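Since the structure is predicted, the reported quantities are computational estimates derived from the model, not experimental observations. Start at 1 and go down the list; that is how both ligands and their atoms are numbered.
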Amino acid sequence: MLKDKIQTALNKQIELEASSSQFYLAMASWSETLGLTGTSNFLYKHSDEERFHMLKLVRFVNERGGKSLIPQLSQPPKEFDSLSNIFELLLEHELNVTDSINNIVDLCLNEKDYTTYNFMQWYVSEQMEEEALARTILDKLHLIGEDKGGLYMFDRDLETMAQSLSNEGK
Ligand code: OFO
């Protein structure tokens, strides 16, 4: 049985993962309207991944005899300043998610809930990957600057990354 404190923390994480999914969906849609097909496909996939992260938590809480709360979400932004702005926001958001995951891991140790502690290790490694990916993408964008040809290549690169996200079956 889940302790109340752990259940509350996991339900907060469910909300955070759900809002990540909505946030990236808004970014995907914005990029699509600019004709950035590769970028939008990448972000649509990323949004799906976040939904998967949320679902994994929902199922875990219920399986442990708790009750998942399906959250109401606030509307994500409709507009973004630029492509760099999107990935800066994405990295900032992922850093917050990592903090939140680390707090849950701490709480599990304090509460001696080793089952949830083990379950959360998947999220710990996932966060490492997501932060690294966001940093790589931002580095590429900084290299490109205002170069239109570079932007075209960047968008194609993200299409390839989107394919590899689907191949991982996330
Ligand atoms: Fe769920 O990893 Fe990003 O937010």
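Counting atoms of ligand 1 from 1 in the listed order, those under 4.0 Å from a heavy atom of Gln127 are 1 (Fe), 2 (O), 3 (Fe). The atoms of ligand 1 that sit less than 4.0 Å from any heavy atom of Ser20 are 4 (O). The ligand atoms of ligand 1 that sit less than 4.0 angstrom from a heavy atom of Val97 are 4 (O).
When distances to atom 3 (Fe) of ligand 1 are checked against a cut-off of 2.8 Å, Glu94 contributes an N, O or S atom below that limit.
Between atom 3 (Fe) of ligand 1 and the N, O or S atoms of Glu130, the shortest distance is to OE1. Glu50 has its closest N, O or S atom to atom 3 (Fe) of ligand 1 at the position named OE2.
Angle OE1(Glu17) to atom 1 (Fe) of ligand 1 to ND1(His53): 100° [nearest 10 degrees].
A cation-pi arrangement is present between Lys56 and Trp122 under the rule of less than 6.0 angstrom and at most 45 degrees off the ring axis.
Contacts between Glu49 and ligand 1, counted as non-hydrogen atom pairs separated by less than 4.0 Å, are absent for every part of the residue.
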- prompt: Please walk me through it: do His46 and Met27 pass side chain to side chain contact (heavy atoms under 4.5 Å, CB included)?
  reply: CA-CA 10 Å; His46 206 343; Met27 292 173 176; over 6 Å; no
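Ring geometry for Phe154 versus Phe87: interplanar angle over 60°, hence perpendicular rather than tilted (30 to 60°).
Using a 3.5 Å distance cut-off with no hydrogens or angles, the side chains of Glu32 and Tyr44 do pair a donor with an acceptor. A side-chain N or O of Glu131 and one of Thr98 form a donor-acceptor pair less than 3.5 Å apart.
To the nearest 0.5 angstrom, Asp155 atom CG is 7.5 Å from Ser40 atom OG.
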